[in-house]
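Every value quoted in this text rests on a predicted model; they were computed, and no experiment measured them. Below, each value reflects all heavy atoms present in this structure, side chains not excepted, and no hydrogens, waters or symmetry copies.
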Amino acid sequence: CRLSGAQKSMASVALQAALLQTAAPNLALLALDEPAEAADENNVRYMADMLRRMISVLARDTSTVLVITRNQPLIEAADNIIELGASNED
């Protein structure tokens, strides 16, 4: 079974979240760098929904999810946003 780039990214995010909750319950930070880079629109929406759920669960444990992205649906899923640098898009 071959996975697309987006499917690999989503599996990686799910695995990292599971590890954060089970194997490393004292870990305070999960960092995701462009997790939806290769994802199509449907997978981005799914990932944004998964991110919202992950944030609500991890917030109870005082864990932080740091997502570095230019993807608007993932940005909108965040509960806090820090924008670095100016956009080059017109």
Nearest-0.5 Å distance that lies between atom CD in Glu76 and atom CZ in Arg52: 7.5 Å
Spatial distance of atom CD1 (Ile82) from atom CD1 (Ile75) [nearest 0.5 Å]: 12.5 Å
side-chain contact (heavy atoms from CB on, under 4.5 Å) evaluation trace for Met47 with Asn43: CA-CA 6 Å; Met47 193 175 289; Asn43 284 327; over 6 Å; no
Residue pair Val65 / Val67, side-chain heavy-atom distance below 4.5 Å: yes
Heavy-atom pair with the smallest gap, counting every atom of Ala48 and Ala77: O-CB, 3.6 Å
Other residues, nucleotides, ligands: >12 heavy atoms within 6.0 Å of Gln72 CD: yes
same_hphob_cluster(Val44, Leu32) at 4.5 Å side-chain heavy-atom cutoff: no
Salt bridge flag under 4.0 Å for residues Arg53 and Asp49: yes
Rounded distance (nearest 0.5 Å) linking atom CD of Glu37 with atom CG of Asn71: 10.5 Å
Nearest heavy atoms of Leu51 and Leu74, plus distance in Å: CD2-O, 3.9 Å
